[in-house]
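Single-structure report; data block below.
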Amino acid sequence: MNAAQQIDRDAVSDRTQPLLKVRGLTKLYGPEKGCQDVSFELYPGEVLGIVGESGSGKSTLLSLLSGRCPPDRGVIDYRLADTHKNAGQWLDLYSASEAERRTLLRTEWGFVEQNPRDGLRMAVSAGANIGERLMAQGVRNYQALRAAGLDWLNQVEIDPARIDDLPRTFSGGMQQRLQIARNLVSGPRLVFMDEPTGGLDVSVQARLLDLMRGLVRELDLAVVIVTHDLAVARLLADRLMVMRRSHVVETGLTDQILDDPQHPYSQLLVSSVLQP
Amino acid sequence: MNAATQPRPQAPRDEAYNFAYLDEQTKRMIRRGLLKAVAIPGYQVPFGGREMPLPYGWGTGGMQLTAAILGAEDVLKVIDQGADDTTNAVSIRRFFARTAGVATTERTPEATIIQTRHRIPETPLHADQIMVYQVPIPEPLRFIEPSETETRTMHALNDYGVMHVKLYEDIATFGHIATAYAYPVTVDERYVMDPSPIPKFDNPKLDMSPALMLFGAGREKRLYAVPPFTRVTSLDFEDHPFDVQKWEHNCAICGSHESFLDELILDDQGTQSFVCSDTDYCAQRVSQGRAVQ
Amino acid sequence: MYVAVKGGEQAIDNAHKLLAKQRRGDTSVAELGVEQIRQQLPLAVARVMTEGSLYDAELAALAIKQSAGDLVEAIFLLRAYRTTLTRFSASLPIDTSAMQLNRRLSATFKDVPGGQLLGPTFDYTHRLLDFTLLAEGEFPGPEAQADAAVQDCPRVLGLLAKEGLIKEEQDTGAPVADITREPLEYPASRAERLQALARGDEGFLLALGYSTQRGYGRNHPFAGEIRVGEVEVWIEPEELGFPISIGAIEVTECEMVNQFVGSATELPQFTRGYGLAFGHAERKAMGMALVDRSLRAGEYSEEIVSPAQQEEFVLAHCDNVEAAGFVSHLKLPHYVDFQSELELIRKLRTPSKESAQ
C-alpha cells in the first residue's frame, strides 16, 4: 500500500483547507535585505516555488517559514495533522513553544538543506541517519529501524546494501537522496527545500528532480522549495512566488508565470534563461 | 588487612578549617542544590562549585557534596575502583578525617555515607545510606553535542532521539551495544543521565535502590540525584536489551562468581588472574571462610 | 598479595616526603625565602595572584615556594586557600584613569596627553644571557630616577570616545555575578566572561589572541593603551554610606582598539577589547583583551567561525586549574573502566554467530 492510498475520506475535506497561512511576514537585516510583507496560503499536496536571484530574500523567507528564525512582524499559522493531539487546530508558529516547534520539525515537517552535509549526520551510517527521526519518536526496535532504513534506501534509489556505510562514502547526489529519505521517514506533510539540486551536476540533478517529483506526488507532500533555477521550478512547482529585493513581486501558477510573466523583473528573469 | 577493616574512631579534627573544610554558607548553597536535584531526579542542577584543595578531576564534586551533607556522627567510607586502599580513596578519606574528624570505615554496611569513584559496592545498600558519586563529565549528551546551550535545550525538550542513534550505530557496526561504562540511563522515565563512569555491571544497582544517590561534578559545577526507590533504566532496544558483563572466572581470593572482577597480569607470559574489584566485599567473604584454598 | 599494587597509605606518605626533599634541593645551598621570591620574582608573583584571583603577594610567593616554581600548581594552592576566605565586601569599580603610572604606552598615537612612559620592560632588551647575574654580581647601575608622572593621563580610548569614534561601553547597572560563587551559564554576560578571562591561563589566552591575529577570527587590533601602576581600591560599607579607601594594588590594564565595519543602521566605529591583570602582567592583559574582543563577535553580528570567537569553547577551557586537574586525573587508576573496555573489546573481536554463518 502506498501513502497516496492511505489518504482516507476525512482527508478529502482536509485538502480544501490550507495547511499554512502566512500573513505580513517581515524580517529585515538592512534596507531591502531580508524579506517583507509576504503573505500566502499553502494547501496540502501543493508545491510552492520561491524564485529570484541571490540576495532577494528567498532563504530568509525559508528560515522564517520553517521556524528557524523569528520574524520582525507577521504571523505563520500551521494546521496540525490529524495524528496530533490537537488535531486540526491552528498553531501560531512563533507563539508556540520551542518544544512544539522542534517536535513539528522532526515529525510533520522536513527540511532538506542545500548542502547535504548540513542535513545529515556525517559521522554515522546511512541507516542511523534514516532511523533518527523514528528513534526520536520512540521506536525502540532495532529490526524495525533496520527495515525502515532498507525500505527508504530503496525508495530513494540507493542500494540497500549500503545501509551501514557512512554518508561521506556517498556521491553528492546520493547524499542528497539520503537526506530526503531521512526527512521523509517520519511521514511529514510539509517539507522545506533550500536549493536541493544546487551543488549537483546537471545529469545528477535530473535524476534527483525526477525522484523528488515522484515522491511528492506519491506521498502527497506539500513543499516550499527555494531555487534560483527556473527549470527546477517548472518541473516541481505548482505555484511560484518571484522575489526581488525582499519583496514578492509576482505570484501565480508556474506555467502562467514562466510563459507569460507580468512584472518586468519576472520578464527579465524568464528571458535570461535559455528557452529549450 | 584485617586490621584495616575495623572502623576508625573519630579523630581530633584540624581546627584551622571549618568542619569539613567548606564554610557553612557554601554548604547551605550545595544543600539547596541537592534538594532541587532530589526533587527533579536526574536533572543536572548548576551549583557554585568551589575550589577544593584537591585537583579537579580527582573528586572535587563528590567531596563538596560529602562536605555539605556530612555530620559529626556520620561514618564515612571512600572507595576508588571499588577499593578502599587506592591512593585517591586514601587521600579523600584522610581529608575528611582531618577536617571533619568523622569516623571512617571500610565496611560497606557500617557506612552512612559512601563516596565513590567508578563503582557501586557489591554488598546491597540500605535506606540509611547515601552514595556520593564523583563525576567527571555529567552531560550524557556531551560527546554527541558539544554545546552546553544546546544540550540543556535537548534535556528541557526531552529531545533524546540522538542517544539511540549511537546505540543503533554500535549494533550496526559491532552487533552489540559497545558502551561498557558510563552507560546512559533514563531516570524516572524523564531525564537521561550519566551514571558516572561506573561499569554498566553496576547500572542495575541504581534501579529502585533504597539508598539516596548523589552525583557531583566539581569542574563542570553540576550536581544531580537519584532519590531512593526511583526507576533507573539503561537505554537499549527491545530486540537488543541491556545486559551486563559476565566473567568466565571466579575471584582468585574469595571465589565469588557474582562480583565485578579486576584482571591482573602475573608474569611476562601474560598469565591472568582475576580478583574482586570491591575489596571490602572480598575481605568479608574471606572472613566468612570462603577463601580459595 | 595482589592488593599491594593498589598503593596505600604508606606510599602516599613517602611520596610527600620525597616531594619535600626535592623541593629543598641541596641543603648546602641556602634556603629560598618567601620574601626573596616576592622581591626578586615579581612577575611570577603577579601571574600567580592574577590567575589565583587573590591579591596577596606574600601568599603568592609562598605558593611559588611550596610548588617548587610550578606556577600552575602555585595558582591552584592560592585558589584553594582563597575559597576558605570570608567575603566582607565587594569593592567599587577601580578607577584606572587615576592610576599612579609606572608604565604607559599607546601604539595608536605618537603623543598622548600625559605622554608615553616606558617604565620597566623587557621590550627593548637584547635577549642575551647576562653572565654577571650568574656571577651573582650586585645590581650594577645607578638608581633609576623615580620620575613619576604627575600630569593627568586620561585614557586614550576616552579621547576616541569623545569624537564618537569608538563604541561606548554601557554599564547596565545590573548586579555583577561572581563566577567563583555562582556557576557560569551560557551565554555568559560580558562581566562573567571578563572574570573568566582574568582567571584564565596566560598561555591559552596568548595562543588564542595570537590565532585571531593570524586570521582565525581576525579583528584588526591596535594596542590603544597599556598602563601599569597602582590604583586605589574603595569599598562602601553599608553602615557607613560613603566610600573608604582600603589600600592600593598594582594592576596592568590593556585596551585594544579594533575595527568594526558598521551595519545597516550604524556608522562604522571602533570597538574595544579589555584586559586587566594584577601586578605587572602585560602579556596576560593583551591576550585577554584580544580574546575579549573576539568573544564579542555575536554582539557585533560577526560570523562566529574560529575558536577564539566561541564563548563556550574559550570559557570552558581557559582555566588552567580545571584543565590541569582533569588532565592529571588520567593518572588515577581506571582499572574498572579499563576492565570493562577490555571485556568489551574481546567480545567484539569474537565473531558473532550471525556473521560466522
Side-chain angles (χ1 to χ4, degrees), chain A residues 67-68 85 96-107 109-110 118-150 152-153 160-169 178-179 181-183 185-186 188, chain B residues 40 42-43 140-179 183-193 200 203 207 231-243:
Chain A
R68 294 179 165 197
K85 65 177 193 295
S97 68
E98 186 173 357
E100 286 175 293
R101 272 200 300 279
R102 282 202 184 204
T103 307
L104 268 190
L105 265 171
R106 62 175 191 240
T107 54
W109 290 10
D118 297 332
L120 292 172
R121 284 193 191 278
M122 298 303 286
V124 299
S125 67
N129 267 288
I130 296 175
E132 181 170 349
R133 277 175 170 237
L134 299 177
M135 289 183 252
Q137 287 170 28
V139 175
R140 292 289 175 266
N141 187 295
Y142 177 76
Q143 284 309 328
L145 294 165
R146 208 70 195 155
L150 295 168
W152 272 100
L153 286 176
R162 309 224 29 198
I163 186 166
D164 293 331
D165 293 349
L166 293 179
R168 68 176 148 77
T169 65
L178 180 63
Q179 192 192 179
R182 172 181 159 88
N183 274 282
V185 67
S186 67
Chain B
I40 316 171
Y43 170 75
L141 305 166
R142 178 60 70 240
F143 297 103
I144 296 163
E145 173 52 63
S147 156
E148 177 72 13
T149 314
E150 180 59 21
T151 53
R152 286 187 79 77
T153 310
M154 289 163 81
H155 283 293
L157 304 183
N158 208 346
D159 189 359
Y160 292 132
V162 72
M163 290 303 285
H164 274 85
V165 170
K166 159 126 191 2
L167 301 186
Y168 171 97
E169 200 66 359
D170 279 356
I171 300 171
T173 314
F174 305 116
H176 309 278
I177 293 173
T179 299
Y183 190 107
V185 295
T186 301
V187 180
D188 198 25
E189 295 171 15
R190 176 58 180 86
Y191 284 97
V192 168
M193 183 188 95
K200 66 176 184 172
N203 272 22
D207 186 34
R231 290 279 316 273
V232 177
T233 48
S234 303
L235 303 188
D236 63 1
F237 288 108
E238 294 157 7
D239 45 352
H240 282 266
F242 173 80
D243 66 347

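Order of the sequence lines fixes the chain letters, A, B, ..., with proteins taken first and strands second; residue numbering starts at 1 for each chain.
With rounding to the nearest 0.5 Å, the separation of NE2 in B:H240 from CZ in A:R140 is 14.5 Å.
B:E238 approaches A:N141 most closely through the heavy-atom pair OE1-ND2, 3.1 Å. Taking all atoms of both residues into account, the shortest heavy-atom contact from B:E169 to A:A128 is OE1-CB, 3.2 Å.
Of the atoms belonging to A:L166, it is side-chain heavy atoms, and not backbone ones, that fall under 4.5 Å from chain B. For chain B, no part of A:R133 is nearby; none of its heavy atoms comes within less than 4.5 Å. Heavy atoms of A:Q137 lying under 4.5 Å from chain B are absent altogether. For B:D236, the part lying under 4.5 angstrom from a heavy atom of chain A is the backbone only.
Most heavy-atom pairs under 4.5 Å with chain B, from the set A:A123, A:S97, A:G127: that is A:G127.
A:M135 places a side-chain heavy atom less than 4.5 Å from the side chain of B:F237. Side chains of B:T153 and A:R102 form a contact here, defined as non-hydrogen atoms less than 4.5 Å apart.
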Report task. Decide side chain to side chain contact (heavy atoms under 4.5 Å, CB included) for B:Y168 and A:R146; before the verdict, give the C-alpha distance in whole Å, the side-chain angles of both, and the deciding distance to 0.1 Å. Result -> CA-CA 9 Å; B:Y168 171 97; A:R146 208 70 195 155; 3.1 Å; yes
